[in-house]
Amino acid sequence: MSDHDHDHDHDHAPLTVDEKPGYFDVMETAVRELLIERKLFGADEIRRQIEVLDSRTPALGAKVVARAWTDPDFKSRLLENGRTGCEELGITFYDDTQLIVLENTPDVHNLIVCTLCSCYPRPVLGLPPDWYKLKPYRARAVYEPRAVLEEFGTSIPHEVEIRVSDSTAIIRYLVLPMRPEGTEHLNEAQLADLVTRDAMIGVIQVEYKKEAA
Amino acid sequence: MVSENLVRKLPNDIGGDEAGKIERVEHELLPWEKRCHALADVLDFHKIINTEEKRRGVESLGAEMVGKLSYYERWIVAFANILFQKGILTPGELAMKMSEVEGRFSDVPNAHHS
């Protein structure tokens with residue numbers, strides 16, 4: 001992971017390979033090289049975008065959540081406009097998507113899904129896990145969210161409303177989980193450490209165990 | 001009834017369908033999958049193929065390919081088809097380029113099928 005300082009690009013076959021690339025791997029290389037030859041974009045753009053993708057992890061979303069928990073003014077701006085809220089923290093959006101941040105409260109639990117495909121708040125969470133892109137989650141989250149949550153070990157009391165938000169190509173969602181009790185003494189960075197990807201998808205809640213602190 | 005359902009619900013439209021238990025699978029992207037993802041983003045930035053065109057391109061592969069190809073396999077095949085439809089590439093050009101790329105690995109043993 002850390003030996004990225006050598007300056008080769010990844011556009012040609014690596015010097016040593018132990019097996020031939022598969023059909024679709026070859027197709028990707030061929031499509032990309034043809035488009036670069038036609039000057040529709042540069043090889044450096046692909047390389048740069050791979051670096052952007054590698055730089056996006058749920059730690060960014062966790063930072064946003066921890067700030068919202070500790071700064072009420074920031075939280076209201078974030079709920080007003082998720083994208084500009086994240087941009088305040090230096091998180092750039094490399095695409096045209098809008099972000100809606102959904103706040104969990106004692107009365108409402110939010111869950112995000114993309115029933116048609118795999119839309120996901122990638123600028124703040126990175127790439128989605130496979131299960132998010134596969135049929136069981138996409139099909140079932142919208143009609144039996146409580147059963148889906150149970151499979152993640154999450155039990156939401158019946159009096160709490162569950163809201164499922166279905167993402168689109170241009171509108172993405174991020175769940176702002178509830179801050180767990182007993183965390184008043186934690187600072188922002190310690191709070192961010194508690195926040196996981198799955199909590200920002202809404203399939204689990206943020207937990208705090210004193211003995212783990 | 002069966003044919004009517006084919007019209008009502010395209011392959012991607014699965015929200016509300018019955019489906020099995022959620023297996024919490026994840027995998028680290030293969031190098032070519034990550035390149036494919038970066039390619040998708042760059043195609044979008046340059047307004048060559050946007051996200052919705054990509055989704056529709058995957059859907060128009062039909063139910064069998066949508067069901068049997070992996071996620072990024074669907075993407076790259078959809079990109080090729082969309083680029084043919086837009087007249088940016090031709091199938092012949094892609095076939096020739098793919099042979100050329102394969103030729104770079106002619107001294108490498110075949111991948112074992114897992």
Side-chain angles (χ1 to χ4, degrees), chain A residues 10-14 17-35 37-38 40-41 45-50 52-54 94-97 113 115-119 127 129-131 133-143 148 151-152 166 168-170 203, chain B residues 12-27 29-39 41-46 48 50-52 54-55 58-59 69-73 76-77 79-80 83 88-89 93-98 100-102 104-106 108-112:
Chain A
H10 297 265
D11 296 313
H12 294 282
V17 283
D18 48 14
E19 52 182 48
K20 286 186 202 295
Y23 177 78
F24 298 96
D25 186 336
V26 169
M27 188 183 290
E28 186 281 330
T29 301
V31 168
R32 172 169 38 85
E33 290 187 5
L34 285 168
L35 296 177
E37 284 166 19
R38 299 230 186 332
L40 291 172
F41 51 79
E45 291 181 73
I46 299 287
R47 195 164 53 238
R48 221 180 304 128
Q49 186 57 20
I50 287 174
V52 169
L53 293 173
D54 283 341
Y94 53 81
D95 52 24
D96 288 333
T97 57
V113 65
T115 61
L116 286 180
C117 183
S118 54
C119 292
L127 302 183
D130 288 339
W131 56 259
K133 307 189 286 192
L134 292 170
K135 179 167 182 176
Y137 183 75
R138 289 166 48 199
R140 295 174 52 214
V142 285
Y143 78 95
V148 165
E151 285 176 29
F152 284 88
D166 194 358
T168 71
I170 49 165
V203 290
Chain B
N12 281 10
D13 188 10
I14 62 170
D17 282 6
E18 297 216 358
K21 194 171 179 299
I22 294 157
E23 304 291 342
R24 286 158 77 175
V25 284
E26 319 200 8
H27 83 288
L29 295 196
L30 298 170
W32 85 268
E33 292 179 316
K34 193 173 279 184
R35 294 197 310 265
C36 187
H37 203 117
L39 176 64
D41 287 337
V42 171
L43 288 168
D44 184 40
F45 300 157
H46 286 273
I48 300 167
N50 69 31
T51 305
E52 176 55 20
K54 176 180 72 188
R55 192 197 66 72
V58 167
E59 188 155 61
L69 268 54
S70 75
Y71 186 76
Y72 288 103
E73 289 172 356
I76 193 60
V77 177
F79 294 160
L83 293 165
I88 295 172
L89 297 180
E93 285 167 337
L94 180 61
M96 275 167 55
K97 187 56 131 178
M98 285 180 70
E100 183 200 317
V101 173
E102 274 170 0
R104 294 174 199 162
F105 298 89
S106 55
V108 174
N110 276 312
H112 38 262

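All figures in this text were calculated on a predicted structure; none of them were measured in a lab. Order of the sequence lines fixes the chain letters, A, B, ..., with proteins taken first and strands second; residue numbering starts at 1 for each chain.
- No donor-acceptor distance shorter than 3.5 angstrom exists from the side chain of D17(B) to the backbone of A139(A), with no hydrogens or angles considered.
- When side chains are defined from C-beta on, Y71(B) counts as touching S118(A), because their heavy atoms get closer than 4.5 Å.
- Most heavy-atom pairs under 4.5 Å with chain B, from the set Q49(A), E45(A), E37(A): that is Q49(A).
- Between chain B and the options D130(A), V31(A), D96(A), heavy-atom pairs under 4.5 Å are most frequent for D130(A).
- Looking only at side-chain heavy atoms (C-beta outward), F152(A) and R24(B) come within less than 4.5 Å of each other.
- Side chain of E151(A) to backbone of I22(B): a donor-acceptor contact under 3.5 angstrom is found.
- With a threshold of 4.5 angstrom between heavy atoms, V142(A) approaches chain B through side-chain atoms but not through N, CA, C or O.
- Annotation: maximal heavy-atom pairing with chain B below 4.5 Å, among K133(A), R138(A), R48(A), occurs at K133(A).
- Of the residues considered (L127(A), T168(A), L134(A), D166(A)), L127(A) shows the highest number of contacts with chain B, using heavy-atom pairs under 4.5 Å.
- Contact of F24(A) with chain B is made through backbone and side chain together, with heavy-atom distances under 4.5 Å.
- Ranked by heavy-atom pairs shorter than 4.5 Å toward chain B, the options T97(A), L53(A), V52(A) are led by L53(A).
- Just one residue in the list K34(B), R35(B), K97(B) forms a salt bridge (Lys or Arg N to Asp or Glu O under 4.0 Å) with E28(A), and that residue is R35(B).
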